[in-house]
Structure formats: structure tokens, C-alpha cells
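Report on one structure; see the data block that follows.
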Number of protein chains: 4
Amino acid sequence: MQFNENTPIYLQIVRAIKEKIALGELASGDKFPSVRDIASEFRVNPNTVSRSTQILEQEGIIYSKRGIGSFIVEDDKMIGDMRNQMAKDHCQSFIKNMDRLGFSRQEALEILTEVYDGKH
Amino acid sequence: MQFNENTPIYLQIVRAIKEKIALGELASGDKFPSVRDIASEFRVNPNTVSRSTQILEQEGIIYSKRGIGSFIVEDDKMIGDMRNQMAKDHCQSFIKNMDRLGFSRQEALEILTEVYDGKH
Amino acid sequence: MQFNENTPIYLQIVRAIKEKIALGELASGDKFPSVRDIASEFRVNPNTVSRSTQILEQEGIIYSKRGIGSFIVEDDKMIGDMRNQMAKDHCQSFIKNMDRLGFSRQEALEILTEVYDGKH
Amino acid sequence: MQFNENTPIYLQIVRAIKEKIALGELASGDKFPSVRDIASEFRVNPNTVSRSTQILEQEGIIYSKRGIGSFIVEDDKMIGDMRNQMAKDHCQSFIKNMDRLGFSRQEALEILTEVYDGKH
DNA sequence: GTGGTCTAGACCACA
DNA sequence: GTGGTCTAGACCACA
């Protein structure tokens, strides 16, 4: 057991941006905010944000036009896939957690349903 | 959005211990490992572990006898409740995450089912 | 009979602060003195005070805002309840003490009345 | 405000013995247990107990016969007075505590009555 | 500056 | 040995 293997900030930012894109808050084809803007929004160092945008670019979610800035990819399928992948990741975590507590698939789904029902 | 609100080590230890109890690896009524043993197992300072065990005691999961050691409570219902509460907490997180991605309850359950089925 | 189960400093501080709040010396909604200020007032280590304020926070009597400080809860009912609880605790101790000396309720009340009347 | 001015053990023992005498567990005229017996009963150092018995002797509650041991005074009035004095001391503490919380005599008595009533 | 976390190390009562 | 308390001092995120 190791402690304090915390998710680094640049990955937390990657996820936060992906969520905005997934929800259309940052729309397909739009200009992507500048590193400086993101840095001031999240109150972090611009270098940290650069690291995040590099990852987003590697994953093909944004691309940069030299001298103009970055843009969100105009590929709705890709963005949809990304959103689905994020959802699956959350599912994997959920399953792993319930498993570690010894809950079977059926039990996990029952409890989840209860919690959904208790949420109005 | 705030970053680096890292779960402190003492709470990570609390959770790790609760999981062991929930699964019966540490059984009801058993002697609980000493603060110093846990500290050396997890390579942390005994004071940090002490903080964890005091939380577990506040929550009624263990109790300590001065000069002897700590023990896991002999109350299977309480331990069952604890396990259920941990499960519900994981459900809440899951729901919150899927919600933030814009997935409805039905969609979330479908994706979860797919992932359970191993379609990934 | 056990001796020297001394009330720890951090609990003595909790009580001292509660009394100040109960009496309105620290008023509802006010900024709460900083951990370091209390520590130097009471000549104890800041960590000790921190432990006290965390208890007060758990009990819902103060709340802290990261980077700003702690505040007394703006809930006069809660503060009134706290004051009543403290009073009841003193009553419990009194009753227990008189009981241990073999005084009935009526006898205890008679003596208490005498002492209130200043016949001593 | 000073902390940790804890009642020293020898005074805690004085009070414990007085309570036993007040209740007749140690009867008027009886032989008083030896310093060693008391020390082992309370698990403290015999020197500490000596200090306690000296106080009891000064207060005229026990007396020693050279070579034989100590005895509880055969003076029921004195013992009754002692018991009353202890009761009054508890009353004084109670009044001081309720006063510090800002409760008037009448309020204090009302709350005390409630707590007595809630005690069955 | 503010509260929160963690460590190293000491001392204590109890068994 | 066991848990509990306290200190000194460091570092952190947040404002």
C-alpha cells in the first residue's frame, strides 16, 4: 500500500478540460483558450497548463495553428468517443471499488439503484 | 475548481483499514494491530496512524483499552453498516462523475453494464 | 479508582473557548482568533490548539475557510444548545458527586440552596 | 488561563478516603488500612499515600497510635461535618461553573431539576 | 497570514 | 509494549 500517489495537477486539468469539451461548453471547432487564460482560471502556473495542452494535443482533441492558437478538433465522433471513454473509466473505478469491498455485480447494481432513487 | 486537495494520509489509512474490516481480513473482536506496527507497515509516523485510529474509534469501529491495545468492535451489524456506507459513498461519486459528463441515469447504467460485461 | 487521568490541554482549551462563546465574549459570526494567536495566548504549541479547533469544528461550533481563518457559527440556536449541554454536564457531575457521598436528591438540593444562600 | 493544574494524586487519594469514611465503608473507630495496603489498592507509591494520611491526620479525621497503626476518629459529629463540607465544596464548584456560563441561581436549579428528573 | 498535515522525538499512565 | 499527549519545526494550499 502506497500513500499520497495523488493525481498530478496537470492531469486534473486535462480531465476538467475534457469534461468541458464533452459537455459542449467548449465547442467543436472553437478556438481553445490560451495557456495564460487557463492558467489564471485555474490559478496554476502556465507551465503546468502547457503540459496539459500537450497531452490534449497528443490525444488528438485539440490542435494548434501556428501563430493563431489552439482549436478544438472538428470531429464530433472523436469527441463522443472521448466522452464515452471517460464514462468507462468512471465505471472501471466504480467496479474496482465495489469489488474491493466484496460486492458482486448484482449487489453493486442494487445499491447503485437505491442511491439513484434516493437522489430524487 | 480547486486542485491538489489531496486526501491526507491519515484518511487514506482510515479507508484502507475499513476495507480490511469490511472484508473480514481484520475480524470482529480481534486484536487490532498496534499503532507502531501500522506505522511501520505503511512507513508513516506513528502520530499519523494515531490520528487514523482515533477517527476509527470515534466512528465506533474500534475501541482501545489503555495499556493493552485496540480492538475491532464486536458488532457485526455496525460493521455491515460501515461496509454499506462505503459502498454508497462510491455510488455517490460514480453518479456525480457521470452526471458531470452529462449522462442520465439510464445511460450511466447502460455503460456500467457494458463495462461489467467486459465490452471495452 | 484511577488517578492522573488528567484532562488533556486540548480539551481544556475546547472548554475555555466554549465558555467564551456561550457568554458572548466571542460573538456569533465573528472572526475566530487564529490558531497561532490562541497558541501564544495559552502558551501552548499551535498543533495543540489545532486539535482543539478541529474538535470545535466537528461539533459545528466554528467553521474554517481555507486561507482566511475560522469563524464562529452564525446559529444562535446551536450556541444556545451548546451552552445548555455544558450546563447539563455540570449537573451530571454534581449529581454524581453528591450521590457518591450518599446524599439523596432532596438533601443535595437543600445543601445547594444553603450554599447559594451564603450560609457556609 | 493556566492549563494542567491538575489535582495532585495525594489529594485525589485524600478525597477518595474521605468518601469511604463518609459512607461508612471505613467505620468510625476502625483500624485504618496501612499505607502499604492503600498504596497497593490505588497502585501508587507509598510515599504518596503517606502524604495523604498526614493530611487526614492534620484534619483530625484519623489519628495514629504509636506502634499499632492509624484509626478513624470516633467522633461521628466530626465525620458528619466532614461529609457536609465535602458536599458544600461540590456545591461551590457547581455554582461557580453555572455562574461562569451565565446561569442565574434560578436557572441553575431548574436545569439541575431537569437532569435529576431525566435520571429516573 | 491562515488553517491543515506530517515528522521526529519525548514523556506519560497503564499492564 | 500499548495508546495518548505534546512540542518544535517543516511544508503546503489558499488569499
Side-chain angles (χ1 to χ4, degrees), chain A residues 2-4 6-9 12-13 39-45 48, chain B residues 1-14 17 30-40 42-58 62-72, chain C residues 1-14 17 30-40 42-58 62-72, chain D residues 3-4 6-9 12 39-45 48:
Chain A
Q2 299 292 13
F3 292 111
N4 258 3
N6 293 294
T7 306
I9 294 180
Q12 294 179 49
I13 292 175
S40 86
E41 179 191 347
F42 289 148
R43 309 241 186 154
V44 294
N45 192 296
T48 304
Chain B
M1 178 76 74
Q2 301 296 9
F3 294 110
N4 262 8
E5 298 204 349
N6 296 329
T7 304
I9 295 177
Y10 71 91
L11 287 182
Q12 296 179 47
I13 293 175
V14 165
I17 292 173
D30 275 9
K31 177 124 180 30
F32 192 73
S34 82
V35 164
R36 288 159 173 96
D37 283 353
I38 299 175
S40 85
F42 289 150
R43 305 280 192 104
V44 294
N45 188 285
N47 281 332
T48 302
V49 177
S50 195
R51 200 166 171 182
S52 305
T53 56
Q54 277 166 31
I55 289 176
L56 290 167
E57 189 160 8
Q58 274 172 23
I62 65 175
Y63 60 92
S64 36
K65 288 188 182 170
R66 175 92 152 220
I68 301 185
S70 297
F71 299 83
I72 298 156
Chain C
M1 177 78 73
Q2 302 297 10
F3 294 109
N4 260 10
E5 298 206 348
N6 294 329
T7 304
I9 295 177
Y10 71 89
L11 287 182
Q12 296 180 47
I13 293 175
V14 165
I17 292 173
D30 274 9
K31 177 125 181 27
F32 193 73
S34 81
V35 164
R36 287 159 172 96
D37 282 353
I38 299 175
S40 85
F42 289 149
R43 305 281 192 104
V44 294
N45 189 285
N47 281 331
T48 303
V49 177
S50 194
R51 199 165 172 183
S52 306
T53 56
Q54 278 166 31
I55 290 176
L56 290 167
E57 189 160 8
Q58 274 172 22
I62 65 175
Y63 60 93
S64 36
K65 288 188 182 169
R66 177 93 154 220
I68 301 185
S70 297
F71 298 83
I72 298 155
Chain D
F3 292 111
N4 259 3
N6 293 294
T7 307
I9 294 181
Q12 294 179 49
S40 87
E41 179 190 348
F42 290 148
R43 308 239 187 156
V44 295
N45 191 295
T48 303

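Here the structure is a predicted model, which is why all the values come from computation and not from measurement. Just so it is clear: chains get the letters A, B, ... in the order the sequence lines come, proteins before strands, and each one is counted from 1.
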- Message: Nearest 0.5 angstrom please: C:Ile62 CD1 to C:Lys31 NZ, how far?
- Response: 10.0 Å

- Name the residue closer to the 5' end of DNA chain F, choosing between B:Ser64 and B:Gly67 according to the nucleotide with the nearest heavy atom. B:Gly67

- Query: Separation of C:Phe71 atom CZ from E:dG3 atom P, in whole Å?
  - Reply: 9 Å

- Task: Specify the residues of residues 30-40 of chain B, ordered by number, for which at least one heavy atom lies under 4.0 angstrom from an atom of DNA chain E.
- Result: none

- Tell me which residues in residues 45-54 of chain C put a heavy atom below 4.0 Å from DNA chain F, sorted by number, or none. C:Asn45, C:Asn47, C:Thr48, C:Arg51

- Message: One pair to check against side-chain contact (heavy atoms from CB on, under 4.5 Å): B:Ile9 and B:Phe42. What are the steps and the verdict?
- Response: CA-CA 10 Å; B:Ile9 295 177; B:Phe42 289 150; over 6 Å; no

- Rounded distance (nearest 0.5 Å) linking atom CD1 of C:Ile13 with atom OG1 of C:Thr7: 12.5 Å

- Message: Quick one: does any side-chain atom of B:Ser52 pair with a main-chain N or O of B:Tyr10 as donor and acceptor, under 3.5 Å?
- Response: yes

- Task: Rounded off to whole Å, could you give me the CD1-to-C1' distance for the B:Ile9 and F:dC12 pair?
- Result: 13 Å

- Item | Distance in angstrom units between B:Ile13 CD1 and E:dT5 P, rounded | 13 Å

- How many Å lie between CZ on D:Arg43 and C1' on E:dC14, as a whole number? 8 Å

- Query: What is the distance, rounded to the nearest whole Å, between atom CD of B:Glu57 and atom C1' of F:dG3?
  - Reply: 9 Å

- Query: Nearest-Å distance, CD1 (B:Ile62) to P (F:dG4)?
  - Reply: 8 Å

- Task: Specify the residue among C:Gly69 and B:Ile68 whose closest nucleotide of DNA chain E lies further upstream toward the 5′ end.
- Result: C:Gly69

- Whole angstrom is fine here: how far is it from CZ in D:Phe42 over to C1' in E:dA13? 17 Å

- B:Lys65: partners by side-chain contact (heavy atoms from CB on, under 4.5 Å), with sequence neighbours left out: B:Tyr63, B:Ile68, B:Phe71

- Message: Just N and O in the side chain of C:Tyr10: are any of them under 4.0 Å from OP1 or OP2 of F:dT5?
- Response: yes

- Could you tell me which residues satisfy side chain to side chain donor-acceptor pair (under 3.5 Å) with B:Asn47, sequence neighbours excluded, listed by chain and number? none

- Note on the structure: The correct list of stems in which DNA chain F takes part (3 or more consecutive Watson-Crick or G-U pairs, distances under 3.5 Å) is E:1-14 with F:1-14

- Query: Taking CD1 from B:Ile55 and P from E:dC6, how many angstroms apart are they, rounded to a whole number?
  - Reply: 10 Å

- Checking side-chain contact (heavy atoms from CB on, under 4.5 Å) for the pair B:Val49/B:Asp37: CA distance, chi angles, key distance, verdict? CA-CA 9 Å; B:Val49 177; B:Asp37 283 353; over 6 Å; no

- Message: Going by the rule side chain to side chain donor-acceptor pair (under 3.5 Å), which residues pair with C:Ser64 if we only count those two or more places apart in sequence or in a different chain?
- Response: C:Glu57

- Item | Separation of B:Ile17 CD1 from B:Thr53 OG1 (nearest 0.5 Å) | 7.5 Å

- Task: Applying side chain to side chain donor-acceptor pair (under 3.5 Å), name anything that partners C:Ser50, two or more places apart in sequence or on another chain.
- Result: C:Gln54

- Query: Atom OG1 of C:Thr48 and atom CZ of C:Arg43: how far apart are they, to the nearest 0.5 Å?
  - Reply: 15.0 Å

